[in-house]
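Notes to accompany the following structure.
Throughout, a chain's letter reflects where its sequence line sits, starting with A, and its residues are numbered from 1.
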Amino acid sequence: MRYSKIFIPTLRENPAEAEAISHKLLIRAGYVRQLAAGLYIYLPLGLRVIEKINTVLKEEMNAIGAQEMSMPLLHPAEIWQQTGRWSEIGDEMFRLKDRGERDMCLAMTHEEIITWLAAHEIRSYRDLPQVWYQIQTKLRDEARPKSGILRTREFIMKDSYSFDRDEAGLERNYKLHSDAYHRIFSRCGIRFYRVESDPGMMGGATAHEFMAPSPAGEDKIAICAGCGYQANLELALSRPPYAEDRSWQKEEVSTPGKRTIKEVTSFMKTAPEYFIKSVLVIADKTPVLALIRGDQELHEHKLTRLIGAFRPASKDEVKNILGVEAGFIGPMGHDIKLIADSCLKEGTYITGANKPGYHIKGIRSGEDFKPEWADIHIARAEDRCVTCGESLKIESAIEIGNIFKLGTKYSSALDAVYLDEDGSSKPIIMGSYGIGPARIMASAVEQGSDKNGIVWPESITPFDIEVLPLNMKSTEAVELAENLHLELPKLGYEVLLDDRNERAGVKLKDADLIGIPWQVVIGDRTLKEKNLEIKNRRTGETKKISINTAAQAIDETIRSSRK
RNA sequence: CGGGGCGUAGCGCAGUUUGGUAGCGCGCACGGUUCGGGACCGUGAGGUCGGAGGUUCAAAUCCUCUCGCCCCGACCA
């Protein structure tokens with residue numbers, strides 16, 4: 001491909017609105033343009049990257065026996081009403097009416113549609129298992145699109161769905177997908193973790209996410225180097241470091257007007273980890289007192305999973321329910337549900353005395369109060385792994401893929417059943433598995449760029465080699481470049497020939513910016529000695545190569561770098 | 001949805017406080033000189049200052065409303 005024949009509108013300056021590295025570089029290097037919030041045009045280079053990624057996806061999905069198909073983007077409301085998600089999902093779903101005033105929606109995902117298909121077409125256990133997938137657009141009216149192509153309102157997803165007779169079959173397909181995902185992300189040159197995640201609204205029991213560490217990521221994950229425990233912070237367990245024991249006598253302390261942990265700790269000159277914070281919440285009209293160590297933060301999602309949706313109690317409710325005003329409440333002597341964070345099992349603590357203006361020292365769980373135990377704090381980097389005790393690492397990460405064991409949530413709702421060997425009708429057991437190609441693309445840029453521009457992994461680069469004749473007036477340079485443009489594709493390379501009549505500096509800067517992994521530089525300097533240069537974009541290493549056997553030598557250089 | 005910021009030429013920005021001829025750099029077009037890391041000189045094209053309404057002799061600038069984009073948070077199959 002000639003540079004003069006492919007539209008690559010590079011920019012000298014970073015776009016003003018971009019913050020994330022991938023956002024800046026993909027716009028600046030001419031890969032994408034923004035149409036509106038969360039809506040992006042993929043320019044020729046950008047599309048080539050996406051198609052490279054999709055090729056990897058298809059190869060690996062086909063390799064585990066998944067079958068590609070394609071489903072509509074416009075869905076009748078009916079099917080979504082049957083699973084209940086028409087009403088469960090709020091503004092995030094684009095809704096519209098057709099000319100007959102029928103409710104329709106745009107595809108935010110395809111569980112409903114694929115299950116509809118299974119319900120209509122699968123009859124017998126002999127039809128199972130099936131794994132179906134597509135690479136198809138999803139539309140979600142995101143509350144806040146952000147970071148360029150990382151969170152958009154319209155995006156492509158590879159989504160696959162497994163259908164099995166039993167749990168063992170689901171387990172098999174789940175594992176097959178997990179392994180395929182490892183191969184996909186490795187092949188795409190991404191650094192990633194596979195973490196435990198919250199199945200959330202998808203329903204089902206088990207879920208994992210594939211996470212590419214990057215400061216631009218919206219998620220936080222906890223990683224244990226000791227035992228390999230890896231989990232999304234939305235559910236990550238941890239053991240906060242335990243401060244040395246203190247054998248206080250039980251003693252009331254006057255703390256007039258000191259209500260918050262901050263006020264009391266500075267008043268009593270005692271660190272916050274020696275305190276118990278009591279947080280009264282109202283769940284479904286029932287009050288629950290959540291207990292957290294003073295230096296920890298309540299993890300609202302974790303608590304929600306235990307007691308359902310809740311809201312903080314008002315000051316009046318605290319007074320009415322506990323008989324003490326906020327700021328001086330403690331867990332002792334109340335007749336309501338207590339949930340305490342596991343790290344409070346050991347040790348003695350200071351907490352509110354249930355008496356205005358007083359706190360109390362020497363409170364011990366099990367003796368002074370008897371709660372239900374659960375991990376309800378937010379894991380932090382200084383915490384320890386609950387399994388092996390090693391310290392945890394907390395990283396920001398981009399969610400590039402996820403796998404869910406759905407079970408029968410959708411098959412039951414849509415009556416997707418099969419007849420088993422014994423003649424009984426059973427719901428099909430399902431799994432659902434997603435990958436966002438644009439997020440792979442953005443992650444590759446986030447993880448692989450330098451100050452000069454993008455550095456593509458060889459597997460997803462829009463071109464393998466960029467040939468740069470620096471002086472277009474030199475017939476020798478141009479002829480050599482043209483020849484390589486002809487010969488290198490015969491060796492299996494996709495070549496971009498910068499045939500523009502630009503100065504050397506412009507060509508070299510643009511080459512670094514767009515990030516093709518190998519640059520073949522043909523300039524008068526080396527041409528005098530019958531050489532050209534090959535440069536590795538990532539390492540910056542250059543090597544002189546004789547022009548006589550250039551194509552073969554380039555091939556050898558690239559091959560040997562892969563070993 | 002809550003909080004904050006920003007909309008002036010294709011891109012990046014100044015001008016708004018204190019109302020009075022709409023500017024700079026890059027890019028673009030033409031001519032010339034240059035030619036291995038975003039060249040230089042000259043000439044030129046290009047803007048209803050996001051939109052609507054208002055105040056005023058006069059509005060990019062002041063007031064009201066509105067639309068859009070970005071960031072933080074909430075939310076996020």
Within the 4.0 Å limit for protein heavy atoms, which parts of nucleotides 68-75 of chain B are touched? Write it as a string from 5' to 3', B for base, S for sugar-phosphate only, - for none. -SSBBBBB

At under 4.0 Å, does any side-chain N or O of A:Arg503 touch on OP1 or OP2 of B:A39? yes

Salt bridge (charged side-chain N to carboxylate O under 4.0 Å, His left out) partners of A:Asp415, counting only residues at least two apart: none

Let me spell it out: for each of A:Lys473 and A:Thr10, pick the nucleotide of RNA chain B with the closest heavy atom. Which residue's pick is nearer the 5' end? A:Lys473

Nearest whole Å is fine: how far is B:C35 P from A:Leu508 CG? 16 Å

Taking the six-membered ring for Trp, are A:Phe210 and A:Phe192 parallel (under 30°), tilted (30 to 60°) or perpendicular (over 60°)? tilted

Given atom CD1 of A:Ile27 and atom C1' of B:G12, what is their separation to the nearest angstrom? 13 Å

Any base atoms under 4.0 Å from A:Met157, or only sugar-phosphate, or nothing? Heavy atoms, all strands. base

How many Å lie between CG on A:Asp450 and C1' on B:G37, as a whole number? 14 Å

Donor-acceptor pairs are to be reported for all side-chain atoms of residues 6-15 of chain A against protein atoms at under 3.5 Å, with residues two or more places apart or in another chain.
unit_1  : atom_1 : unit_2   : atom_2 : d
A:Thr10 : OG1    : A:Asp510 : OD1    : 3.0
A:Asn14 : OD1    : A:Arg28  : NE     : 3.1

How would you label the contact of A:Gln519 with the nucleic acid (heavy atoms, under 4.0 Å): base, sugar-phosphate, or nothing? nothing

Could you check whether the rings of A:Tyr174 and A:Tyr433 sit parallel, tilted or perpendicular, using 30° and 60° as the cut-offs? tilted

Once you apply a heavy-atom cut-off of 4.0 Å, does A:Asn14 come out as touching a base, just sugar-phosphate, or nothing? sugar-phosphate

base_contact_polar (B:G38 base, A:Asp510 side chain, donor-acceptor, <3.5 Å): yes

Rounded to whole angstrom units, what separation is found between the CG atom of A:Asn501 and the P atom of B:U34? 15 Å

Hey, is the side chain of A:Arg12 poking within less than 4.0 Å of OP1 or OP2 on B:C11, counting only N and O atoms? no

Between atom CD in A:Glu13 and atom P in B:C11, what is the gap in whole Å? 12 Å

I need the CG-P distance between A:Leu11 and B:C26, as an integer number of Å. 16 Å

Would you kindly give the CZ-to-P distance between A:Arg500 and B:G38, to the nearest whole Å? 14 Å

From CZ of A:Arg28 across to P of B:C26 the rounded distance in Å is 17 Å

Is B:U21 paired to anything, Watson-Crick or G-U wobble with both distances less than 3.5 Å, and if yes, which nucleotide? none

